[in-house]
There are 2 protein chains.
Amino acid sequence: MPTTQAQAPTRDRILFTSAELFRRQGYAGTGLKQVTTQAEAPFGSLYHFWPGGKEQLAEEVLRTGGDFFLALYRAIVDPAPDLLTGVRDFFTGAGETLVATGYLDACPIATVAGEVASTHEPLRSASADVFELWTAALTADLAHAGAPEEQARPLALAVIALLEGAFLLCRTLQSTEPMDAAADAAVALVRTALETQP
Amino acid sequence: MPTTQAQAPTRDRILFTSAELFRRQGYAGTGLKQVTTQAEAPFGSLYHFWPGGKEQLAEEVLRTGGDFFLALYRAIVDPAPDLLTGVRDFFTGAGETLVATGYLDACPIATVAGEVASTHEPLRSASADVFELWTAALTADLAHAGAPEEQARPLALAVIALLEGAFLLCRTLQSTEPMDAAADAAVALVRTALETQP
DNA sequence: GTCTATAGAGAGATAGAC
DNA sequence: GTCTATCTCTCTATAGAC
């Protein structure tokens with residue numbers, strides 16, 4: 001089910017389709033020919049826009065996917081009445097997206113990150129930058145909401161680990177049960193930290 | 001760094017090497033030629049023992065990896081003075097293995113599971129069986145240790161999600177910081193559940 | 001810049017000698 | 001059963017016409 005991209009510019013169509021295929025099929029499992037075909041773009045355009053080939057394309061996919069996911073987090077958490085509600089809403093939304101896409105779309109970078117961690121250093125590094133970006137954002141939010149300073153970062157890492165682990169379990173089990181369990185766990189952890197007086 | 005397998009039978013050498021390469025490089029990223037070369041086995045032997053080819057081999061790798069990891073869990077948790085200590089020891093051991101292998105060896109099935117969830121139904125199904133096996137074991141342990149019955153399974157899923165997410169973050173960030181954070185979170189969650197009187 | 005054709009390497013799989 | 005040679009297909013990448 002190729003998502004419609006109407007008449008977006010060639011470069012954008014390739015980038016969008018790459019992101020979709022990489023997060024679903026992985027880096028090695030996605031062919032550049034499949035990308036250009038599904039994006040309805042000429043094969044040569046890919047090397048015109050990304051002279052560094054597959055690796056350069058994947059790096060941009062990882063970074064833009066990371067930025068997109070952070071923006072999604074902001075869009076959900078910032079309007080929420082409090083951080084606890086925002087975190088729960090984010091996990092709930094993740095579960096809803098899984099169901100809506102038939103368990104195809106979960107984390108924008110996880111599948112590739114797992115593949116490349118031990119094999120493609122530039123891509124591992126890009127994935128690390130993304131995880132670090134998310135961790136910093138959640139750490140700041142937790143500290144701002146009143147979590148003890150030394151607990152904020154470990155708690156942020158644990159919440160992101162819960163989310164990533166739940167994504168993998170949900171996609172594999174084709175069920176949102178793990179996401180529901182992770183949501184409750186994340187909320188419980190955050191609540192405890194926020195109730196602790198520094 | 002091919003792990004030594006001395007003079008193990010050909011079939012075992014191929015299986016062992018496949019497990020190593022699949023969990024590090026993923027399914028699509030690992031070639032059968034690379035497997036047989038590193039296993040010092042003739043290429044044809046692979047199709048002799050696994051007539052179903054790469055997919056059949058990967059399925060056996062997933063299932064034996066799942067059994068192995070459960071046995072490792074049992075070996076750590078059963079002798080522990082209590083479940084809380086056992087869970088902490090398991091997370092600690094996971095972190096130590098990551099460091100000892102230079103962040104190469106984490107979960108035996110996660111990298112492949114993430115790749116195949118949307119692309120290879122027989123392998124997704126095998127991965128699901130493994131996660132279900134682990135979940136059932138931890139659920140039973142939690143219930144036996146005194147967690148309220150309706151909390152045991154969601155808690156087991158959350159702990160496994162924490163572990164899987166931490167594996168991904170640690171491999172990507174090349175740091176055990178996420179595993180330490182996940183360990184504390186898992187212990188806190190389990191402790192709270194065990195302190196709750198049914 | 002857009003697009004096609006193809007090069008060169010490597011994949012998974014198989015045939016068949018021994 | 002063990003092992004080698006090779007088949008066919010697909011991959012990434014590039015050359016070059018337009």
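If you're wondering where the values come from, they're calculated on a predicted model, not measured in any experiment. Atom set for the values below is all heavy atoms of this structure, side chains included, hydrogens, waters and symmetry mates excluded. Throughout, a chain's letter reflects where its sequence line sits, starting with A, and its residues are numbered from 1.
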Tell me whether the centres of the aromatic rings in Phe69(A) and Phe90(A) are closer together than 6.0 Å.
yes
Verify, without hydrogens or angle tests, whether Thr64(A) (side chain) and Val61(A) (backbone) share a donor-acceptor contact under 3.5 angstrom.
yes
Ignoring hydrogens and geometry, is there a side-chain-to-backbone donor-acceptor pair from Trp134(B) to Gly66(B) under 3.5 Å?
yes
Looking at OG1 of Thr196(B) and CD of Gln151(B), how far apart are the two atoms once the value is rounded to the nearest 0.5 Å?
5.0 Å
Taking [atom1] from [X] and [atom2] from [N], how many angstroms apart are they, rounded to a whole number?
| X | N | atom1 | atom2 | answer |
| --- | --- | --- | --- | --- |
| Phe43(A) | dA7(C) | CZ | C1' | 12 Å |
| Leu32(B) | dT14(C) | CG | C1' | 13 Å |
| Gln34(B) | dG12(C) | CD | C1' | 14 Å |

Starting at the 5' end of DNA chain C, which residue's closest nucleotide do you reach first, Ser45(A) or Lys33(A)?
Ser45(A)
Indicate the ring-plane relationship of Phe43(A) and Tyr47(A), choosing parallel, tilted or perpendicular according to the 30° and 60° boundaries.
tilted
Ordered by number, residues from residues 50-57 of chain B within less than 4.0 Å of DNA chain C (heavy atoms) are Gly53(B), Lys54(B)
Tell me, please, the opening and closing nucleotides of DNA chain D, 5' to 3', among those with an atom under 4.0 angstrom from a non-hydrogen atom of chain B.
dG1(D) to dT6(D)
Applying a 4.0 Å non-hydrogen cut-off, can you work out what Gly44(A) is touching in the nucleic acid: base, sugar-phosphate, or nothing?
base
Would you mind classifying the nucleic acid contact of Thr36(B) as base, sugar-phosphate or nothing, using non-hydrogen atoms under 4.0 angstrom?
nothing
So which atom in Glu115(B) and which in Ala28(B) form the shortest heavy-atom distance, rounded to 0.1 Å?
OE2-N, 3.1 Å
Given Arg153(A) and Thr135(A), is the side-chain hydrogen bond (donor to acceptor under 3.5 Å, both in side chains) satisfied, shown in steps?
CA-CA 7 Å; Arg153(A) 184 173 163 91; Thr135(A) 303; 5.3 Å; no
Tell me if the CD atom of Glu40(B) is crowded by more than 12 foreign heavy atoms within 6.0 Å.
no
